[in-house]
Trainee: 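My questions all concern the structure below.
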Amino acid sequence: MSLFVDALQRKNTQRPPLWLMRQAGRYHSHYQDLRKEHSFEELCKRPQLATKATLGPIQGFDFDAAILFSDILFPLEAMGMGLRYDPHPQLRWRLRETADLKKFTKPKALELEFQALAIQKIRTKLSQEKGLIGFVGAPLTLFYYAVCGSHRGDLEPARERVENGLYHSFCQLLLPLLTQNMAAQAKAGADVIAIFDTCAGDLPLEMLTYYGIPPLRDLLAGFRQLCPQFPVLYYSKGTTVAYYEALRSLSIQAYGIDWNINLSEFLEKFHQTHAVQGNIDPRWLLEDKHLCKQRLEKFFTTIKSLPPSYREGWICGLGHGVLPKTPEENVKLLVELQRKSFN
Ligand code: CP3
């Protein structure tokens, strides 16, 4: 019924599905128009508006999957960190020392109910042929935001605190909330829950393995109690193949990778066990149309030359999100070329 769901199950699809992280974003006139009328928070928190924002890129570009219009930082707000977008996210305080732990309020999953309500609404309006993606931020990435307020500038304060007890205490508060949040989105009608670990690449592999994996394992174990079979996609940025190897013992069905990883080699390694999403360099879409076309065609030719079984679980997408200044024309070109290449 849905290319996206079939690919997640690594079934042979007629064409690999295509969707893009941040497909509902500032590059798209539909989104810009919505933002003239509403704040980002309103768009996220009012299910009717979140539905509109989510469906904009499906209507505009006919992607094979929709992603809930929301943000990974709302669980931090539900824990009492205060959050506004200006337009970059701003937390009211930073987690810096043990005394700060007292500032967290008891997190309530109900405060995130707007996401499940939006998913229900989206599902009623989205064709059965399209996939629907729910998501959360990974514990490590949310810790980086709690400590540094962003993923820009000096990240040393987060890196240091991963090694002390603060991170562990934070995870203990966060994990029950995230587990329930994932289950609520799954039950509302998502086809997969993505876990976005954008900050993972900031840690060297040994530290990432030692500190990043245990809370992920706990998160997945909790989720598996509530949703034993539900597909999970794990995306990380700036990491290596060795890291994905280290994740093998976790209950993850799909890996999202950035553009620094060789997709052909990755598919060869993981196609028998994981669906794989990625990994076009988002910057290619900023190039003039001719160059963009050349790069995309070369990319598709490479993937097409692989044994067909390698790409049965391939979900075509970017290595990260669509950049705000991307011309819509190039997004259309990507969709067109992808269809032509695999039909
Ligand atoms: O279309 C989609 O992909 C769904 C919507 C989505 C948003 N954020 C909307 C958004 C998703 C999946 C996210 C996830 C998210 N949010 C991540 C993980 C994935 C990634 O992109 O790395 C992270 C790290 C965040 C935190 C966050 N929220 C940042 C860093 C920013 C600023 C981004 C920027 O480019 O200025 C946001 C705000 C945000 N989230 C916007 C959107 C569309 C921009 C809001 C606006 O300016 O109108």
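All values below come from the heavy atoms of this structure, side chains included, with hydrogens, waters and symmetry mates left out. Both ligands and their constituent atoms are indexed starting at 1 by order of listing. One-based numbering along the sequence shown.
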Trainee: Do Ile193 and Leu233 make a side-chain contact, defined as non-hydrogen atoms from C-beta onward lying under 4.5 Å apart?
Mentor: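 Contact flag for Ile193/Leu233 side chains = no.
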Trainee: Would you indicate whether the side-chain heavy atoms of Leu323 and Leu285 approach each other to under 4.5 Å?
Mentor: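 Of all side-chain heavy-atom pairs linking Leu323 with Leu285, none is under 4.5 Å.
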Trainee: Among Trp314, Tyr310, Tyr255, find the one that has a ring-ring contact (aromatic ring centres under 6.0 Å, His included) with His271.
Mentor: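 With His271 as partner, Trp314, Tyr310, Tyr255 yield a single ring-ring contact (aromatic ring centres under 6.0 Å, His included), made by Tyr310.
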Trainee: Could you check if a side-chain atom of Phe114 sits within less than 4.5 angstrom of a side-chain atom of Ser70, using non-hydrogen atoms only?
Mentor: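 Contact flag for Phe114/Ser70 side chains = yes.
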Trainee: Considering only the protein, which heavy-atom contact is closest to atom 33 (C) of ligand 1, and what is its distance?
Mentor: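 Its nearest protein heavy-atom neighbour is Arg22 NH1, 3.5 Å.
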Trainee: Any idea which atoms of ligand 1 are less than 4.0 Å away from a heavy-atom of His88?
Mentor: 32 (C), 34 (C), 36 (O)
Trainee: Looking at ligand 1, does His151 have a heavy atom less than 4.0 Å from it?
Mentor: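 No, that is not the case, since the closest heavy atom of the residue is not under 4.0 Å from the ligand.
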Trainee: Run the numbers for me: atoms of ligand 1, each under 4.0 Å from some heavy atom of Arg26, listed by number.
Mentor: 33 (C), 34 (C), 35 (O), 36 (O), 47 (O)
Trainee: Quick check on contacts: which atoms of ligand 1 are under 4.0 angstrom from a heavy atom of Ala24?
Mentor: 1 (O), 43 (C)
Trainee: So for Tyr235, does at least one of its heavy atoms come nearer than 4.0 angstrom to any atom of ligand 1?
Mentor: no
Trainee: Under 4.0 Å between a Lys/Arg side-chain N and an Asp/Glu carboxylate O for Glu336 and Lys332?
Mentor: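 Looking at Lys332 together with Glu336, the answer is no, because their closest N to O distance does not fall below 4.0 Å.
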Trainee: Examine the proximity of ligand 1 to Pro89 and report which part, side chain or backbone, both or neither, has a heavy atom under 4.0 Å away.
Mentor: side chain
Trainee: Of the side chain and backbone of Lys237, name the one, both, or neither that has a heavy atom under 4.0 Å from an atom of ligand 1.
Mentor: neither
Trainee: Would you call Arg295-Asp281 a salt bridge at under 4.0 Å N-O?
Mentor: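 Here Arg295 does not pair with Asp281 in a salt bridge, since their nearest N and O are not under 4.0 Å apart.
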Trainee: Do Arg248 and Phe270 come within less than 4.5 Å of each other through their side chains, counting heavy atoms only?
Mentor: yes
Trainee: Which pair of heavy atoms, one from Pro75 and one from Leu177, lies closest together, and at what distance?
Mentor: O-CD2, 3.6 Å
Trainee: Looking at atom 18 (C) of ligand 1, what's its closest protein heavy atom, distance included?
Mentor: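 Looking at atom 18 (C) of ligand 1, the protein heavy atom closest to it is Thr198 OG1, 3.4 Å.
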Trainee: What's the shortest distance from atom 39 (C) of ligand 1 to any protein heavy atom, and which residue and atom give it?
Mentor: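 For atom 39 (C) of ligand 1, the nearest protein heavy atom comes out as Phe40 CZ, 3.5 Å.
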Trainee: With the threshold set at 4.0 Å, does a side-chain nitrogen-carboxylate oxygen contact exist between Asp71 and Lys45?
Mentor: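 Between Lys45 and Asp71 there is no salt bridge, as every charged N stays at least 4.0 Å from the carboxylate O atoms.
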Trainee: Does Glu37 come within less than 4.0 Å of Lys52, counting only side-chain N to carboxylate O?
Mentor: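 The answer is no: the pair does not qualify as a salt bridge.
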Trainee: Any nitrogen or oxygen of Thr141 lying under 3.5 Å from a nitrogen or oxygen in ligand 1? Just yes or no.
Mentor: no
Trainee: Could you tell me the residue and atom name of the protein heavy atom closest to atom 11 (C) of ligand 1, and the distance to it rounded to 0.1 Å?
Mentor: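 Nearest neighbour among protein heavy atoms for atom 11 (C) of ligand 1, to 0.1 Å: Phe135 CZ, 3.6 Å.
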Trainee: Side chains of Thr198 and Tyr144 only: does a donor on one sit below 3.5 Å from an acceptor on the other?
Mentor: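 Per modelled atom types, Thr198 and Tyr144 side chains form no pair under 3.5 Å.
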Trainee: Go through ligand 1 atom by atom and flag the ones less than 4.0 Å from a non-hydrogen atom of Pro87.
Mentor: 47 (O)
Trainee: Any nitrogen or oxygen of Tyr145 lying under 3.5 Å from a nitrogen or oxygen in ligand 1? Just yes or no.
Mentor: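 The answer is no, given that Tyr145 and ligand 1 share no N or O pair closer than 3.5 Å.
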Trainee: Do any N/O atoms on Tyr85 end up under 3.5 angstrom from N/O atoms on ligand 1?
Mentor: no
Trainee: Relative to atom 4 (C) of ligand 1, which among Leu68, Asp86, Asp71, Ile72 owns the nearest non-hydrogen atom?
Mentor: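 Ranked by closest heavy atom to atom 4 (C) of ligand 1, first place is Leu68.
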Trainee: So which heavy atom in the protein is nearest atom 20 (C) of ligand 1, and how far is it from that ligand atom?
Mentor: His320 NE2, 3.2 Å
Trainee: Of all heavy-atom pairs between Gln272 and Arg10, which one has the smallest distance, and what is that distance?
Mentor: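 Shortest heavy-atom separation between Gln272 and Arg10 comes out as O-NH1, 2.9 Å.
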Trainee: What atoms of ligand 1 come closer than 4.0 angstrom to any heavy atom of Gln23?
Mentor: 1 (O), 2 (C), 3 (O)
Trainee: Please write down residue, atom name and distance for the protein heavy atom closest to atom 46 (C) of ligand 1.
Mentor: Tyr31 OH, 3.3 Å
Trainee: Quick one: look up the protein heavy atom nearest atom 5 (C) of ligand 1 and list residue, atom name and how far away it is.
Mentor: Ser70 O, 3.7 Å
